[in-house]
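Read through the structure below, which is laid out as structure tokens, and then see the notes.
Predicted, not measured: the structure shown is a model, and the values here were computed from it.
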Amino acid sequence: MQHRRLGSQGLEVSCIGLGCMSMSDFYGSAAERDEQESIATIHRAAELGVTLLDTADMYGPYTNEELVGQAIADRRDSYVVATKFGFERHDDGSQTVNGRPEYVQRACDASLRRLGIDTIDLYYQHRVDAQVPIEETVGAMAALVAAGKVRHLGLSEAGAATVRRAHGVHPISAVQSEYSLFARDLEDEVIPTLRELGIGLVPYAPLGRGLLTGTVRSAEDLPASDVRRARFPRFSDENLDANARLAAEVTRIAEQKGVTPAQLALAWILHQGDDIVPIPGTKHRARLEENAAAADVSLSDSDLAALGAAVPRAEVRGARHWDMASIGR
């Protein structure tokens with residue numbers, strides 16, 4: 001497995017990471033989740049050289065960090081652990097963003113307890129709190145670095161101007177945002193800013209939340225409890241068919257190359273720059289192995305052009321998130 005650097009502070013990770021969210025929350029039903037298979041998947045990641053694990057306190061909530069902590073308990077040195085704070089989920093199903101300095105401290109201590117570790121390798125603010133200046137939040141995060149509780153800092157779904165202000169307080173190693181053939185808005189301002197400042201990009205949902213794997217072709221492919229059905233516009237009845245047709249073109253190109261659609265989509269991201277580390281999520285070892293093999297897929301300029309033509313930005317239907325006002329602040 002190849003490795004890449006995120007930022008300029010010495011953070012080195014596998015070129016493909018493992019998103020752990022679906023092991024505990026959101027995608028699929030609770031009946032489909034198998035804790036032992038999830039733990040085996042995390043263990044298999046280390047065997048494959050996949051070092052970067054991504055979780056967050058709001059996944060579950062809390063249960064995903066506990067699961068990751070259980071999985072890494074006797075093999076901490078095999079992983080780079082990334083987690084996030086900032087979303088507070090409430091009993092009525094709502095959630096709010098909290099970037100207040102005192103909350104940052106409490107959230108970090110709680111995550112450390114659940115993960116069973118002394119130091120978080122990469123600590124992200126999950127969303128920018130519009131009510132708290134980014135300088136105050138990152139100042140509190142910097143205090144965690146000084147205290148030895150956190151090694152590297154990150155932001156999630158932050159806009160270019162916010163990233164610049166945050167980086168002025170303390171070096172930011174990575175920005176996590178949705179990025180895939182189906183979500184390329186970062187290319188306009190965010191990615192150029194990250195490269196100017198020497199910050200890495202960690203794309204979540206690099207497989208288009210299942211669209212690019214060929215597993216989601218219609219609403220019938222998603223359980224009623226799946227959050228994509230209700231909350232993500234690209235999976236709505238009026239948009240999904242058009243987006244599935246675009247994804248079918250990716251599948252066609254993948255078949256011509258003798259790889260899976262997921263491997264092709266991940267290879268496309270890896271070819272966008274050596275400062276990019278996607279974190280496809282899965283709860284199964286077989287999918288992890290498939291995703292990890294994407295690191296060995298080589299794409300020519302003509303391959304990249306064909307993929308760009310197969311999924312033109314202007315033809316993707318629907319916003320990539322249900323609350324775009326919270327994105328890119």
Side-chain angles (χ1 to χ4, degrees), residues 5-13 17 19-21 51-69 72-73 76-89 95-159 162-177 194 197-202 204 277 279 329:
R5 283 184 172 257
L6 293 173
S8 57
Q9 305 303 300
L11 178 58
E12 186 173 302
V13 299
C20 299
M21 179 189 75
T51 61
L52 178 61
L53 302 180
D54 184 86
T55 182
D57 58 4
M58 68 93 70
Y59 300 157
Y62 311 131
T63 55
N64 195 240
E65 285 186 327
E66 293 169 349
L67 174 68
V68 170
I72 69 173
R76 170 68 177 95
D77 292 344
S78 298
Y79 302 99
V80 175
V81 178
T83 191
K84 301 178 280 291
F85 75 92
F87 273 126
E88 293 184 285
R89 290 172 68 175
Q95 59 189 28
T96 52
V97 176
N98 190 341
R100 295 191 300 273
E102 63 274 16
Y103 177 72
V104 175
Q105 301 284 338
R106 294 199 309 272
C108 179
D109 288 342
S111 288
L112 287 168
R113 286 195 301 272
R114 287 188 290 269
L115 289 163
I117 59 179
D118 297 322
T119 307
I120 295 166
D121 296 307
L122 176 57
Y123 200 39
Y124 294 100
Q125 182 184 18
H126 210 153
R127 290 292 186 274
V128 175
D129 187 343
Q131 307 304 314
V132 179
I134 192 64
E135 291 84 355
E136 294 183 14
T137 303
V138 175
M141 295 168 72
L144 298 174
V145 176
K149 296 180 179 181
V150 170
R151 291 192 175 94
H152 302 277
L153 302 186
L155 302 174
S156 181
E157 290 288 13
T162 298
V163 171
R164 193 178 297 278
R165 288 166 55 198
H167 195 65
V169 175
H170 186 281
I172 301 298
S173 293
V175 168
Q176 183 177 136
S177 291
L194 299 185
L197 300 175
I199 299 170
L201 174 65
V202 178
Y204 72 85
V277 176
I279 48 169
R329 282 178 175 156

(request) Kindly determine whether Thr83 and Tyr123 satisfy side-chain contact (heavy atoms from CB on, under 4.5 Å), including the steps that lead there. (result) CA-CA 5 Å; Thr83 191; Tyr123 200 39; 3.7 Å; yes
(request) Mind running side-chain contact (heavy atoms from CB on, under 4.5 Å) on Val277 and Leu201 for me, showing each step along the way? (result) CA-CA 6 Å; Val277 176; Leu201 174 65; over 6 Å; no
(request) Please test Cys108 against Val104 for side-chain contact (heavy atoms from CB on, under 4.5 Å), starting from the C-alpha separation and ending with a verdict. (result) CA-CA 6 Å; Cys108 179; Val104 175; 5.6 Å; no
(message) Is there a side chain to side chain donor-acceptor pair (under 3.5 Å) between Glu65 and Ser111? Walk through the geometry before answering.
(response) CA-CA 7 Å; Glu65 285 186 327; Ser111 288; 2.8 Å; yes
(message) Assess the residue pair Val97 and Phe87 against the criterion (side-chain contact (heavy atoms from CB on, under 4.5 Å)); give the C-alpha distance rounded to whole Å, side-chain angles, the decisive distance to 0.1 Å, and a yes or no.
(response) CA-CA 5 Å; Val97 176; Phe87 273 126; 3.7 Å; yes
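Contact check for Gln125 versus Ile134: side-chain heavy atoms found under the 4.5 Å cut-off. Using a 4.5 Å heavy-atom cutoff, the side chains of Lys84 and Asp54 are in contact. Within the 4.5 Å cutoff, the side chain of Val202 has no heavy atoms near those of the Val175 side chain. Taking 4.5 Å as the limit, some side-chain heavy atom of Met141 sits within range of a side-chain heavy atom of Phe85. You'll find the side chain of Val68 reaches within 4.5 Å of the side chain of Leu115, heavy atoms only. At a threshold of 4.5 Å between non-hydrogen side-chain atoms, the residues Arg165 and Glu135 count as touching. Ile172 is not listed as a side-chain neighbour of Leu197, based on a closest heavy-atom distance of 4.5 Å or more. For the pair Gln176/Ile279, a side-chain contact is recorded, criterion being any heavy-atom separation below 4.5 Å from C-beta on.
Counted within 6.0 Å of CD on Glu102, heavy atoms from surrounding residues, nucleotides or ligands total more than 12; the atom is thus considered enclosed.
Using a distance-only test at 3.5 Å, with no hydrogens or angles considered, a donor-acceptor pair links the side chain of Thr119 to the main chain of Gly148. Judged by distance alone, the side chain of Thr162 and the main-chain N or O of Arg329 form a donor-acceptor pair under 3.5 Å.
With rounding to the nearest 0.5 angstrom, the CG atom of Leu53 is 11.5 Å from the CG atom of Leu122. Between the CD1 atom of Ile72 and the CG atom of Asp77 there is a distance of 10.0 Å, given to the nearest 0.5 Å. To the nearest 0.5 angstrom, Tyr59 atom OH is 10.0 Å from Arg89 atom CZ. Distance CD/Glu12 to CG/Leu52: 12.0 Å, rounded to 0.5 Å.
With sequence neighbours excluded, no residue forms a side-chain hydrogen bond (donor to acceptor under 3.5 Å, both in side chains) with Tyr103. Not counting sequence neighbours, the partners of Arg113 by the side chain to side chain contact (heavy atoms under 4.5 Å, CB included) test are Asp109, Ala110. Residues that satisfy the ring pair (Phe, Tyr, Trp, His ring centres under 6.0 Å) test with Tyr79, not counting sequence neighbours, are absent from this structure. The side-chain hydrogen bond (donor to acceptor under 3.5 Å, both in side chains) check on Thr96 picks up His90, with sequence neighbours excluded. Among residues two or more places apart in sequence or in another chain, the side-chain hydrogen bond (donor to acceptor under 3.5 Å, both in side chains) test is passed with Asp121 by Arg76, Arg151. Here Thr137 pairs with nothing under the side-chain hydrogen bond (donor to acceptor under 3.5 Å, both in side chains) rule; sequence neighbours left out.
Contact between Cys20 and Asn64 at its shortest, heavy atoms only, is O-ND2, 2.8 Å. Looking at every heavy atom in both residues, Pro101 comes nearest to Glu136 through CG-O, 3.8 Å. Across Tyr124 and Ser156, no two heavy atoms sit closer than the pair CD2-N, 4.5 Å. Listed here is the closest heavy atom pair of Pro171 and Leu153: O-CB, 4.1 Å. When all heavy atoms of Leu155 and Ala166 are compared, the pair lying nearest together is CD1-CB, 3.7 Å.
When each of His126, Arg127, Met21, Glu88 is tested with Met58 by the rule side-chain contact (heavy atoms from CB on, under 4.5 Å), just one qualifies, namely His126.
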